[in-house]
Amino acid sequence: MKTNQVVLIYGFPATGKYTMAKKLEEGGAKLLDNHYFHDFVRPFIKAADDEKVEYFEKMSKLRGAFFDMIRKFYPKDRLVRYVFTSILVQGDEAELKNLTSLAEDINGEFIPIELIANPDVLKQRCQTEYRRGRGKLSDPGKLEKLFERYVHMDVEHPNKLTIDVSDLTEEETFQRIEKHLAKVSK
């Protein structure tokens with residue numbers, strides 16, 4: 001790696017964002033999974049459905065404060081790879097802008113990695129005990145509603161990689177990500 005990297009792994013639930021991010025973390029990356037914020041806050045609150053918009057606005061501010069901390073205190077004496085995960089749907093432009101500007105502010109490369117899959121595959125994948133245990137979406141009916149309600153954001157960026165994970169193993173997906181990160185790093 002020749003520059004700092006801000007890697008965003010995004011896609012609908014059950015595409016493997018966290019799994020891929022954890023593999024990168026095992027290689028030394030600093031991981032901030034989208035659920036870290038929600039898991040931190042969730043025990044203290046109960047947001048009703050009609051309060052969800054305000055909840056996500058406040059969550060965005062919390063993430064923004066975290067990004068500001070990284071800007072101020074990232075380790076300037078060595079290269080670092082930050083990995084973030086998100087669903088990233090239309091309307092999340094502020095989050096995307098925050099990540100691209102974070103990369104600029106730490107003299108790094110922004111690298112968006114989009115994981116996509118056939119919706120039927122995702123409905124099957126979401127029904128695991130592991131996902132339930134982590135408080136992740138594990139109900140195929142709720143996932144279907146998410147598909148109906150939200151449109152996946154199309155990120156235009158020269159460093160973008162899109163991977164259809166429908167028929168790939170975890171290892172095959174990870175190898176493609178590693179190869180792409182090495183290529184961008186040159």
Side-chain angles (χ1 to χ4, degrees), residues 4-25 29-42 47 52-71 74 80-106 108-117 119 121-122 125-126 130-131 134-139 142-165 170 173-174 176-177 180-181 184:
N4 292 319
Q5 293 180 340
V6 173
V7 179
L8 170 64
I9 301 176
Y10 69 103
F12 277 117
T15 53
K17 300 178 297 292
Y18 180 72
T19 301
M20 293 302 106
K22 284 298 286 180
K23 286 180 166 280
L24 289 170
E25 183 182 43
K30 305 300 177 200
L31 169 60
L32 180 67
D33 179 52
N34 190 43
H35 277 267
Y36 290 176
F37 288 109
H38 298 289
D39 293 348
F40 175 74
V41 172
R42 212 176 271 136
K52 293 292 186 189
V53 170
E54 184 178 0
Y55 170 85
F56 285 111
E57 286 172 355
K58 294 201 179 296
M59 191 58 63
S60 179
K61 288 181 183 178
L62 180 61
R63 288 174 67 97
F66 185 82
F67 294 153
D68 288 344
M69 293 288 289
I70 292 174
R71 283 180 179 92
Y74 78 95
V80 66
R81 174 182 288 157
Y82 293 109
V83 179
F84 301 93
T85 64
S86 179
I87 186 171
L88 207 63
V89 295
Q90 287 182 359
D92 289 340
E93 288 80 10
E95 180 179 347
L96 181 62
K97 184 173 177 11
N98 212 346
L99 286 167
T100 57
S101 68
L102 173 62
E104 291 171 13
D105 293 344
I106 66 169
E109 292 284 342
F110 176 64
I111 307 167
I113 299 173
E114 175 185 37
L115 301 182
I116 61 172
V121 169
L122 296 181
R125 284 186 183 181
C126 80
Y130 171 76
R131 289 185 63 80
R134 283 207 64 227
K136 291 174 160 260
L137 191 147
S138 57
D139 178 336
K142 288 183 180 180
L143 184 59
E144 180 68 38
K145 288 180 182 175
L146 193 110
F147 294 146
E148 294 168 4
R149 184 173 182 188
Y150 295 103
V151 176
H152 202 233
M153 185 185 291
D154 184 23
V155 175
E156 299 275 335
H157 197 278
N159 293 337
K160 179 181 173 183
L161 172 65
T162 300
I163 304 172
D164 185 335
V165 299
E170 286 179 15
T173 302
F174 185 64
R176 290 182 187 192
I177 290 171
H180 182 69
L181 293 176
V184 170

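Because the structure is a prediction, the values reported are computed rather than measured.
Partners of Arg63 according to the salt bridge (charged side-chain N to carboxylate O under 4.0 Å, His left out) rule, which considers only residues two or more places apart in sequence or in another chain, are Glu95. In terms of the salt bridge (charged side-chain N to carboxylate O under 4.0 Å, His left out) criterion, Glu104 has no residue partners (sequence neighbours excluded). Applying the salt bridge (charged side-chain N to carboxylate O under 4.0 Å, His left out) criterion to Asp92, with sequence neighbours excluded, gives no partner residue. Applying the side-chain hydrogen bond (donor to acceptor under 3.5 Å, both in side chains) criterion to Ser101, with sequence neighbours excluded, gives Arg71. For Glu109, the salt bridge (charged side-chain N to carboxylate O under 4.0 Å, His left out) criterion is met by no residue, not counting sequence neighbours.
The nearest pair of heavy atoms linking Phe110 to His157 is O-CE1, 3.2 Å. Here the closest non-hydrogen pair linking Met20 and Thr173 is SD-CG2, 3.6 Å. Leu24 and Leu181 get closest at one heavy-atom pair: CD2-CD1, 3.7 Å. Nearest heavy atom pair, residue Asp164 against residue Ala117, reads OD1-CA, 3.8 Å. The two residues Ile87 and Lys17 make their nearest non-hydrogen contact at N-CE, 4.4 Å. Contact detail for Leu122 and Ala14: the closest heavy-atom pair is CD2-O, 3.4 Å.
A distance of 10.0 Å separates CG of Leu143 from OG of Ser138, quoted to the nearest 0.5 Å. Interatomic distance, CD of Glu93 versus OG1 of Thr100, reported as 11.5 Å (0.5 Å rounding). Rounding to the nearest 0.5 Å places CD1 of Ile70 at 11.5 Å from OH of Tyr74.
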request  = Check step by step if side-chain contact (heavy atoms from CB on, under 4.5 Å) holds for Phe37 and Leu32.
outcome  = CA-CA 9 Å; Phe37 288 109; Leu32 180 67; 3.3 Å; yes
inquiry  = The test is side-chain contact (heavy atoms from CB on, under 4.5 Å); show your working for Cys126 and Asp139 and say whether it passes.
reply    = CA-CA 7 Å; Cys126 80; Asp139 178 336; over 6 Å; no
message = Could you go through Thr15 and Ile9, starting from their C-alpha distance and side-chain angles, then the distance that decides it, and tell me whether this counts as side-chain contact (heavy atoms from CB on, under 4.5 Å)?
response = CA-CA 10 Å; Thr15 53; Ile9 301 176; over 6 Å; no
query = Can Val165 and Arg125 be said to form a side-chain contact (heavy atoms from CB on, under 4.5 Å), step by step?
reply = CA-CA 11 Å; Val165 299; Arg125 284 186 183 181; 3.4 Å; yes
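Side-chain atoms of Asn34 and Ser86 form no donor-acceptor pair, as typed in the model, at a separation below 3.5 Å.
For the pair Val155 and Leu96, the minimum side-chain heavy-atom distance is below 4.5 Å. Contact check for Tyr18 versus Leu31: side-chain heavy atoms found under the 4.5 Å cut-off.
Side chain of Glu57 to backbone of Tyr55: no donor-acceptor contact under 3.5 angstrom is found. Between the side chain of Asn4 and the backbone N or O of Val80, at least one donor-acceptor pair lies under 3.5 Å. Between the side chain of Arg131 and the backbone N or O of Lys136, no donor-acceptor pair lies under 3.5 Å.
The residue from Val7, Leu8, Ile111 that alone fulfils the side chain to side chain contact (heavy atoms under 4.5 Å, CB included) condition with Leu99 is Leu8. Among the candidates Val89, Ile113, Leu88, the single residue satisfying the side chain to side chain contact (heavy atoms under 4.5 Å, CB included) test with Tyr10 is Leu88.
Atom CZ of Phe40 is surrounded by 12 or fewer heavy atoms from other residues, nucleotides or ligands within 6.0 Å. Environment of CD in Glu170: sparse, with no more than 12 heavy atoms of neighbouring residues, nucleotides or ligands closer than 6.0 Å.
Within the 6.0 Å centre-distance limit, the rings of Phe67 and Phe84 are counted as a close aromatic pair.
Counting only residues at least two apart or in different chains, salt bridge (charged side-chain N to carboxylate O under 4.0 Å, His left out) contacts with residues 147-163 comprise Glu114-Lys160, Asp154-Lys160.
Cation-pi contact between Lys23 and Phe174: present, with separation from the ring centre below 6.0 Å and deviation from the ring axis of at most 45°.
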